[in-house]
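Below you'll find the structure, written out as structure tokens, and then a few comments.
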Amino acid sequence: GTPTSSIGVVTRLWALAKLFTEHRQRELRTAGIDAATLDLLGTLRRSGPPYVRTTRQLSQRCRVTPGAISQRVARAETAGLVSRETDGRTVDVALTAEGHEVVEQTVDIVLGAEEELLDALTPSQRATLARLLKILLADLERRSTSERGDGTPSA
């Protein structure tokens, strides 16, 4: 009586997530950056010019606690990758020129390596898989947000 139809999808997604995570960690070690810093820099880079976000926005977009963002920002600031400016109660974090260079180089390395992970799929299969995963992710995020009741997706 136990439903088992999810096994073919969820178990494979878990296995893929583990393999993808291990692969990305190797690539990041080679590039000399950690995943949390890349997440921070990438989030700032994707925000577009002038590459500035508040710590609150970063916390929401990176899906981590405000404390975790503060730690990430402090490490990245020490490394010269971001700068901080406080205006009353708001802390703005800006991507520095060095941070911009690091994120661009790292993303090129990581995405190039991840492209190879999908070699077994045709472009059409990739597009179909991406579309289906987008639907599933959006639904799970919606449910997660409504379960928390605060409008913030759970991490």
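Positions are given from 1 along the sequence.
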R84 and V73: side chain to side chain contact (heavy atoms under 4.5 Å, CB included), yes or no, with the steps?
CA-CA 8 Å; R84 272 193 275 201; V73 169; 3.5 Å; yes
Going by side chain to side chain donor-acceptor pair (under 3.5 Å), name the residues that satisfy it together with E104, two or more places apart in sequence or in a different chain.
R45
Can you sort out the partners of T54 under side chain to side chain donor-acceptor pair (under 3.5 Å), two or more places apart, ordered by chain and number?
Q57
Donor-acceptor pair, side chain of [X] and main chain of [Y], under 3.5 angstrom:
{"X": "T30", "Y": "R26", "result": "yes"}
{"X": "Q125", "Y": "T122", "result": "yes"}
{"X": "T106", "Y": "V102", "result": "yes"}
{"X": "R12", "Y": "G8", "result": "yes"}
{"X": "S59", "Y": "V64", "result": "yes"}

List the atom of [X], the atom of [Y], and the distance in Å for their closest heavy-atom pair.
{"X": "R75", "Y": "D34", "value": "NH2-OD1, 4.2 Å"}
{"X": "A36", "Y": "R72", "value": "CB-NE, 3.4 Å"}
{"X": "T96", "Y": "G80", "value": "OG1-O, 2.6 Å"}
{"X": "V52", "Y": "A94", "value": "CG2-CB, 3.6 Å"}

Does a donor on one side chain and an acceptor on the other come within less than 3.5 Å for T90 and D87?
no
Just checking, any donor-acceptor pair under 3.5 angstrom between side chains of R46 and T43?
yes
Can R126 and E115 be said to form a salt bridge (Lys or Arg N to Asp or Glu O under 4.0 Å), step by step?
CA-CA 11 Å; R126 287 183 192 198; E115 185 72 23; 2.4 Å; yes
Using a cut-off of 6.0 Å, state whether more than 12 heavy atoms not belonging to E85 lie near its atom CD.
no
Atom CZ of residue position R56 - does it have more than 12 heavy atoms of other residues, nucleotides or ligands inside 6.0 Å?
no
Before you tell me yes or no, could you show the steps for I69 and C62 under side chain to side chain contact (heavy atoms under 4.5 Å, CB included), namely the whole-Å CA-CA distance, both residues' side-chain angles and the distance that decides it to 0.1 Å?
CA-CA 8 Å; I69 279 296; C62 293; 4.1 Å; yes
Nearest 0.5 angstrom please: [X] [atom1] to [Y] [atom2], how far?
{"X": "L58", "Y": "S47", "atom1": "CG", "atom2": "OG", "result": "8.0 Å"}
{"X": "L129", "Y": "K134", "atom1": "CG", "atom2": "NZ", "result": "13.5 Å"}
{"X": "R24", "Y": "E27", "atom1": "CZ", "atom2": "CD", "result": "10.0 Å"}
{"X": "H23", "Y": "L28", "atom1": "NE2", "atom2": "CG", "result": "10.5 Å"}
{"X": "H100", "Y": "E98", "atom1": "NE2", "atom2": "CD", "result": "13.0 Å"}
{"X": "T55", "Y": "Q60", "atom1": "OG1", "atom2": "CD", "result": "10.0 Å"}

Determine, stepwise, if the pair R63 / D39 fulfils salt bridge (Lys or Arg N to Asp or Glu O under 4.0 Å).
CA-CA 10 Å; R63 299 175 188 219; D39 187 31; over 6 Å; no
Minimum side-chain heavy-atom gap [X]-[Y] below 4.5 Å:
{"X": "L140", "Y": "R143", "answer": "yes"}
{"X": "L41", "Y": "V107", "answer": "no"}
{"X": "L95", "Y": "L81", "answer": "no"}
{"X": "T128", "Y": "L121", "answer": "no"}

Would a hydrophobic clustering, with Ile, Leu, Val, Met, Phe, Trp and Tyr connected at side-chain separations under 4.5 Å, put V10 with L132?
no
Identify whether I7 and W14 are in the same connected component of the hydrophobic contact network (ILVMFWY, side-chain heavy atoms under 4.5 Å).
no
Run the side chain to side chain contact (heavy atoms under 4.5 Å, CB included) test on L133 and L13 for me, step by step, so that the C-alpha distance in whole Å, both residues' side-chain angles and the decisive distance to 0.1 Å come before the verdict.
CA-CA 10 Å; L133 290 172; L13 286 174; 4.0 Å; yes
Does the pair V82 and L44 meet the rule for a side chain to side chain contact (heavy atoms under 4.5 Å, CB included), with working shown?
CA-CA 9 Å; V82 300; L44 286 168; 3.7 Å; yes
